[in-house]
Amino acid sequence: MAIFDQEDLIRQDAEKMRRKQYVYANDNEEPTKEKTFFSSKRKEKKPKLKKARKVAKTFLDITSIRDIAENGAFILENGFMDMEQIQSSDLKYVSEGEAEALIDRLSTFFKLYKYDFIFMGMNYPTYTSTQQQYWHTILKKKRKEFGNDYFLIPSIKQKIQKLIDVEKEDSDQEYYIIYFAVDEKDYKEKQKLIRQHLNVKRESISIDKKMDILFKIYNQNSKIMNR
């Protein structure tokens, strides 16, 4: 007795032939990748755009200064601010007694003045245009009187060139103290204390100069012009 029926064998052979024909018919088609859990299509992540920082639009957005008082002090949101110019001294060119007196005076100020303040130095360009103009006038006069062969002409030219070099390379330094007060009474007391114990200039700093100093503070690469 046969294990498989004849009709079952015929049906199995027909099924095999049908499968082979299906494979041959799809040979020219591009093979598709078998999908698995790890090969599933993922959405591409778009780069996140950084939020632009808010930029201060005006000077009032970056400072607490709101106005200028009649006496030249700056009115702040919560008080006053002002500055005094300090008369500096080069310790290399003063006597030993004068140097000790200057140091003692500054030390006394530090002991008495227990409030916030800022010492600040400012470099100014050295201007020699007036001196240059003077020597150019002398040079022109001597050439007119004695001609180009006058023996002092090389010396005058040398002086003019030296003044040009000084203006290009050198700078003048000035020093200031900036102080703060909560009200008008506090402002006057601190101003008096500073003027008593620091070697400040008698004349007050002009408003234009104060504005230039502030501009320099907030714009470090700028040049300050008013003296």
Side-chain angles (χ1 to χ4, degrees), residues 55-56 58-60 62-63 65 68-69 71-74 81-107 109-110 117-179 191 194-195 197-227:
V55 180
T58 65
F59 180 71
L60 294 177
I62 61 175
T63 181
I65 299 173
I68 301 177
N71 63 351
F74 293 100
M81 180 187 79
D82 206 353
M83 57 184 73
E84 298 281 345
Q85 183 171 344
I86 300 172
Q87 185 67 47
S88 61
S89 301
D90 193 338
L91 298 180
K92 293 181 180 179
Y93 301 102
V94 298
S95 65
E96 185 176 348
E98 289 174 333
E100 289 180 357
L102 290 170
I103 294 171
D104 289 340
R105 190 173 185 180
L106 185 61
S107 177
F109 171 76
F110 287 147
F117 68 90
I118 300 172
F119 272 136
M120 182 181 66
M122 192 76 69
N123 290 327
Y124 290 87
T126 301
Y127 297 111
T128 61
S129 55
T130 303
Q131 294 93 323
Q132 289 182 47
Q133 185 62 40
Y134 169 79
W135 286 108
H136 275 295
T137 303
I138 296 295
L139 179 63
K140 185 178 180 180
K141 184 178 179 181
K142 297 301 180 182
R143 278 176 171 171
K144 186 177 181 180
E145 292 179 359
F146 305 104
N148 291 329
D149 295 332
Y150 184 57
F151 73 98
L152 287 179
I153 286 181
S155 176
I156 296 173
K157 287 183 177 180
Q158 188 177 4
K159 290 181 181 294
I160 294 172
Q161 185 58 48
K162 186 176 181 180
L163 290 170
I164 293 173
D165 294 338
V166 166
E167 188 168 273
K168 288 181 179 179
E169 300 172 4
D170 291 0
S171 62
D172 297 333
Q173 288 186 329
E174 291 184 359
Y175 299 90
Y176 310 92
I177 180 173
I178 301 176
Y179 58 100
Q191 185 185 62
I194 288 171
R195 290 182 175 181
H197 296 280
L198 285 181
N199 190 19
V200 299
K201 285 196 170 183
R202 292 182 179 179
E203 64 274 12
S204 299
I205 306 173
S206 67
I207 294 177
D208 289 339
K209 187 171 182 178
K210 289 179 181 179
M211 295 295 292
D212 279 346
I213 293 172
L214 280 181
F215 182 82
K216 175 66 176 177
I217 292 173
Y218 286 97
N219 301 272
Q220 295 295 320
N221 294 326
S222 64
K223 289 185 178 180
I224 187 166
M225 302 303 293
N226 288 326
R227 300 292 298 275

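Residue indices begin at 1 and follow the sequence shown.
- Between Lys216 and Met122 there is a side-chain heavy-atom pair separated by less than 4.5 Å.
- By the 4.5 Å heavy-atom criterion applied to side chains, Tyr176 and Ile86 are not counted as neighbours.
- A 4.5 Å side-chain heavy-atom check between Glu84 and Leu198 finds every atom pair outside the cut-off.
- Annotation: Phe110, atom CZ; neighbour count of heavy atoms from other residues, nucleotides and ligands within 6.0 Å is above 12.
- In this structure Ser95 satisfies the side chain to side chain donor-acceptor pair (under 3.5 Å) test together with Glu98, sequence neighbours excluded.
- Summarising the geometry of Gly72 relative to Lys210, their closest heavy-atom pair is O-NZ, 3.0 Å, with the distance given to 0.1 Å.
- Remark: Phe117 engages Phe109, Tyr113, Phe119 in a ring pair (Phe, Tyr, Trp, His ring centres under 6.0 Å) (not counting sequence neighbours).
- Residues meeting the side chain to side chain contact (heavy atoms under 4.5 Å, CB included) test with Glu100, sequence neighbours left out: Glu96.
- Proximity of Ile177 to Gln85: side-chain heavy atoms (C-beta onward) are nowhere separated by under 4.5 Å.
- With values rounded to the nearest 0.5 angstrom, Ile68 atom CD1 is found 5.0 Å from Phe74 atom CZ.
- Looking at Ile205 and Met83, their side chains come closer than 4.5 Å, going by heavy atoms from C-beta outward.
- Between the side chains of Thr126 and Asp170, no donor N or O sits under 3.5 Å from an acceptor N or O.
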Do Asn199 and Leu106 pass the side chain to side chain contact (heavy atoms under 4.5 Å, CB included) test, and can you show the C-alpha distance, the side-chain angles, and the key distance before you say yes or no?
CA-CA 9 Å; Asn199 190 19; Leu106 185 61; over 6 Å; no

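- Judged as a side chain to side chain contact (heavy atoms under 4.5 Å, CB included), and not counting sequence neighbours, Ala101 has no contacts.
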Which donor-acceptor pairs under 3.5 Å do the side chains of residues 128-136 make with protein atoms, sequence neighbours left out?
unit_1, atom_1, unit_2, atom_2, d
Thr128, OG1, Gln132, NE2, 2.8
Thr128, OG1, Leu163, O, 2.9
Thr128, OG1, Glu167, OE1, 3.4

Could you go through Met81 and Ile178, starting from their C-alpha distance and side-chain angles, then the distance that decides it, and tell me whether this counts as side chain to side chain contact (heavy atoms under 4.5 Å, CB included)?
CA-CA 7 Å; Met81 180 187 79; Ile178 301 176; 3.7 Å; yes

Just list the side-chain donor-acceptor pairs under 3.5 Å for residues 148-162, sequence neighbours left out, or say none.
unit_1, atom_1, unit_2, atom_2, d
Asn148, OD1, Arg143, NE, 3.4
Gln161, NE2, Asp165, OD1, 3.1

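- Distance NZ/Lys141 to NZ/Lys144: 10.0 Å, rounded to 0.5 Å.
- Nearest heavy atom pair, residue Gly121 against residue Tyr175, reads CA-CD2, 3.8 Å.
- Taken from CG in Asp82 to CD1 in Ile194, the straight-line distance is 8.5 Å, to the nearest 0.5 Å.
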